[in-house]
Amino acid sequence: MNALDIPSDDIVLPFQIAPSGLQGRLVRLGPAVDQILRQHDYPAPVATTLAEMVAIAAALAIALKYEGVFTMQIKGDGPVRLMVADVTTEGALRGYAQFDETAVAALGLERPSVPRLFGAGHLAFTVDQGSHTERYQGIVELTGSTLAECAHHYLRQSEQFQAGLKVAAAAYPAGDGTQRWRAGALMLQRLPPEGAQGSAEGRDLETPLDATLEDAEESWRRALMLASSATSAELVDPNLLAWQLVDRLYLAEGVRIFRPHEMTHACRCSRERVENVLRMLPPDELDTLKIDDRVEVRCEFCNRMHIFDSSDLAALRTQH
Ligand SMILES: [Zn+2]
């Protein structure tokens with residue numbers, strides 16, 4: 001496609017390195033991730049980490065090609081108890097975090113490591129493909145000092161494919177004195193090379209490795225090396241277009257850039273969904289939620305408040 005037609009932000013840009021055929025994706029998020037963070041007033045370490053998580057979730061959701069809602073979630077016993085990012089097949093992104101404000105402030109760091117921020121915990125990926133199908137879940141211990149390392153650990157454990165992953169997020173000063181968040185992720189993937197899965201015992205050690213296998217290894221190493229040469233600043237640079245970055249990294253190898261997946265920020269909460277939850281509560285439990293005769297339910301993702309006054313609640317009960 002014509003490079004000029006490619007939007008520069010809120011996209012996942014797939015590319016393929018020729019002639020090795022290795023696949024890559026560049027996630028570039030501008031307004032979508034900014035809107036997610038602007039709905040909350042998270043301290044910098046929480047905001048940066050959530051922005052990175054949203055970018056990783058976008059990269060993986062598209063790489064794994066599931067239909068439905070893809071969710072990345074970390075639960076820990078540290079200052080941040082919970083962090084969630086989810087992506088729908090249509091490219092709708094959202095995310096939130098639950099944390100202890102005092103404990104996060106006490107860290108006194110702009111970029112605390114994952115263990116400092118989350119303590120010990122788990123990283124889980126779920127795919128919800130609708131009510132008629134089974135929910136897929138993969139869960140691993142939280143291992144790694146950055147989110148990219150933790151996601152990488154998961155991919156290694158799940159053995160779906162080999163991956164290289166680099167992620168960054170940063171806030172840029174806007175003209176009006178506020179800040180705008182941006183996030184980027186670069187991911188390379190390949191299926192385990194054929195023959196490599198076989199055990200070493202099965203192979204005659206006198207036979208040299210197949211030349212094509214060696215070439216594939218070499219291509220993979222070079223692609224990873226080039227990916228790691230992209231700086232964090234380049235991943236989020238508003239003045240460096242997504243396709244220009246891919247071109248800059250892989251032009252010498254030969255690279256094909258495909259039509260991007262467009263991403264947006266959108267929350268799926270609705271008054272109806274909240275009503276359904278409230279309707280399922282026993283009346284006395286519903287009463288305990290009342291403040292001044294009404295129930296207020298805040299969506300943790302988008303911070304929208306859904307308010308039910310006494311007549312709304314009475315109407316819910318009649319449909320009990
Ligand atoms: Zn919402």
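For ligands, and for the atoms within them, numbers begin at 1 and follow the listed sequence. Predicted model, so just to flag it, every value in this text is computed and none were measured.
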Q) Just wondering, more than 12 heavy atoms not from Glu67 lying within 6.0 Å of its CD? A) no

Q. Excluding sequence neighbours, so at least two apart, what forms salt bridge (charged side-chain N to carboxylate O under 4.0 Å, His left out) with Arg116?
A. none

(Q) Between Arg180 and Asp9, does any NZ, NE, NH1 or NH2 come within less than 4.0 Å of an OD or OE carboxylate oxygen? (A) no

Q.
Over 60° means perpendicular and under 30° means parallel, so tell me whether Tyr154 and Phe125 are parallel, tilted or perpendicular.
A. tilted

Q: Salt-bridge test for Arg294 and Asp309: reply yes if a basic N is under 4.0 Å from a carboxylate O, no otherwise.
A: no

Q | 4.5 Å side-chain heavy-atom contact, Met83 and Val46 | A | yes

Q. Hey, which protein N/O/S atoms does the Zn ion (ligand 1) have under 2.8 Å?
A. Cys267 SG, Cys269 SG, Cys299 SG, Cys302 SG

